Amino acid sequence: YGLDYERGFFSSELASAMPQDSYTYYCCYPRPLSVSGTDAVFNIPARQDGKVRGGADIMIATPAAYGALAPVPDPEDHSGLSMTMNRMMHQFRFYVPASDTKLQGEAVERIKLTFPNEVVGNVTLDLADPSQKAVLSEGSASIDLRLAEPITLAAQNYACVAFCPTAFEAGKSLEVRAYTSDKIVVVDPIDLCARDFQAGH
């Protein structure tokens with residue numbers, strides 16, 4: 001029902017009042033595909049829009065102990081249950097460099113990324129322990145960014161992609177193709193330099 005610079009405020013309608021007791025609360029975004037115990041399965045989409053929307057930005061809260069939930073007395077009352085969300089995916093930004101001569105000022109509308117390893121697909125996370133690494137299954141090494149907002153040098157904007165935290169071996173490269181309305185730009189392979197792409201970055 002509201003937000004400020006660092007917080008979002010949420011309410012829910014319960015079927016009945018909760019008994020007074022001590023509870024452990026878990027929270028995640030988006031809604032999982034399935035849950036077994038505290039293991040939740042999410043999908044990192046292979047097609048994204050450059051804004052990390054539509055469930056691509058998977059978050060798991062640090063579990064919190066709290067009593068029974070009660071009505072919010074006032075929209076400005078934030079004394080209830082508070083939880084810290086943890087970004088579980090890595091976010092990678094793309095922009096048009098100032099040195100670019102290939103695009104000739106045209107806007108990039110689509111970016112096709114091909115990684116050396118699988119980076120998107122179904123991923124299992126532990127709702128009880130956000131420090132646990134994600135386990136990827138049914139994955140793909142390709143991501144297709146159909147940009148909701150084309151990127152240009154003039155606008156100095158960027159596109160962002162979310163993928164499963166992954167460590168790449170030395171000598172592995174990322175292949176990138178950028179598409180304008182009438183051009184395909186093949187970028188020189190990007191050396192991943194044995195880099196470890198961690199969650200939350």
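Since this is a predicted model, take the numbers as computed values, not measurements.
For the salt bridge (charged side-chain N to carboxylate O under 4.0 Å, His left out) condition, the pairs that include at least one residue of residues 55-64, sequence neighbours left out, are D57-R87. Screening residues 111-139 for salt bridge (charged side-chain N to carboxylate O under 4.0 Å, His left out), with sequence neighbours left out, gives no hits. Sorted by first and then second residue, the side-chain hydrogen bond (donor to acceptor under 3.5 Å, both in side chains) pairs with a member in residues 58-71 read T62-N86; sequence neighbours excluded. Within the structure, salt bridge (charged side-chain N to carboxylate O under 4.0 Å, His left out) contacts touching residues 6-31 (residues at least two apart or in different chains) are D4-R7.
Note that CG of N157 and CZ of F94 are 14.0 Å apart. Values are rounded to the nearest 0.5 Å. Here the CG-OG distance, from N122 to S137, works out to 5.0 Å after rounding to the nearest 0.5 Å. Rounding to the nearest 0.5 Å places CZ of F168 at 5.0 Å from CG of N117. Rounding to the nearest 0.5 Å places CE of M18 at 9.0 Å from OG of S16. Atom-to-atom distance recorded for R110:CZ and R177:CZ is 10.0 Å, nearest 0.5 angstrom. A distance of 13.0 Å separates NZ in K172 from OG1 in T166, rounded to the nearest 0.5 Å.
Across every non-hydrogen atom of A46 and S142, the tightest pair is CB-O, 3.8 Å. Residues D191 and S173 approach most closely at CA-OG, 4.1 Å, considering heavy atoms. The minimum heavy-atom distance linking L127 with C28 is given by the pair CD2-CB, 3.8 Å. Considering every non-hydrogen atom in both P63 and A128, the closest pair reads CG-O, 3.4 Å. Taking all atoms of both residues into account, the shortest heavy-atom contact from I151 to A159 is CG2-N, 3.7 Å.
No more than 12 heavy atoms of other residues, nucleotides or ligands shown are found within 6.0 angstrom of CZ on R93. Annotation for F10: atom CZ does not count as buried by contact number, only 12 or fewer foreign heavy atoms lying within 6.0 Å.
A distance-only check finds a donor-acceptor pair linking the side chain of Q48 to the backbone of A162 [under 3.5 Å]. Checked by atom type and distance alone, the side chain of N43 never pairs as donor or acceptor with a backbone atom of V123 at under 3.5 Å. Within the 3.5 Å criterion, the main-chain N or O of Q198 finds a donor-acceptor partner in the side chain of H90.
Hydrophobic clustering of Ile, Leu, Val, Met, Phe, Trp and Tyr side chains at less than 4.5 Å, counting indirect connections, unites V96 with I190. Under the 4.5 Å side-chain heavy-atom criterion for ILVMFWY residues, no single connected hydrophobic cluster contains both F9 and L69. Following chains of ILVMFWY side-chain contacts shorter than 4.5 Å, one can reach F197 starting from I60, so the two form part of one hydrophobic cluster. Clustering ILVMFWY residues whenever any of their side-chain heavy atoms sit less than 4.5 angstrom apart, transitively, puts Y29 in a cluster other than the one holding V41.
Annotation: side chain of F115 is in contact with side chain of I143 (closest heavy-atom distance under 4.5 Å). Residues P150 and V108 are not in side-chain contact: their nearest non-hydrogen atoms beyond the backbone lie 4.5 Å or more apart. In this structure, the side chains of L145 and Y179 stay at 4.5 Å or more apart for every pair of heavy atoms. Taking the side chain as every heavy atom from C-beta outward, L192 and P116 approach each other to under 4.5 Å. Counting heavy atoms from C-beta outward, Y25 and M83 have side chains that approach closer than 4.5 Å. At least one side-chain heavy atom of E149 sits under 4.5 Å from a side-chain heavy atom of K51. Annotation: side chain of I58 is in contact with side chain of P30 (closest heavy-atom distance under 4.5 Å). Side-chain contact check for I111 versus L113: some heavy-atom pair is nearer than 4.5 Å.
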Practice task
Give the intermediate values and the outcome of side chain to side chain contact (heavy atoms under 4.5 Å, CB included) for residues M59 and M88.
Solution key: CA-CA 5 Å; M59 293 185 281; M88 304 305 295; 5.6 Å; no
Practice task
Go through F42 and L125 one step at a time and tell me if the side chain to side chain contact (heavy atoms under 4.5 Å, CB included) criterion holds.
Solution key: CA-CA 8 Å; F42 301 85; L125 294 161; 3.9 Å; yes
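Screening V187, T114, D188 for a side-chain contact (heavy atoms from CB on, under 4.5 Å) with V176, the sole residue that qualifies is V187.
Cluster note: Y95 groups with Y158 through ILVMFWY side-chain heavy atoms spaced under 4.5 Å, whether in direct contact or through intervening members.
Under 3.5 Å, the side chains of E106 and T180 contain a donor-acceptor pair of N or O atoms.
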Would you give me the side-chain donor-acceptor pairs under 3.5 Å for residues 75-82, sequence neighbours excluded?
| unit_1 | atom_1 | unit_2 | atom_2 | d |
| --- | --- | --- | --- | --- |
| D77 | OD1 | S79 | N | 3.2 |
| D77 | OD1 | S79 | OG | 2.7 |

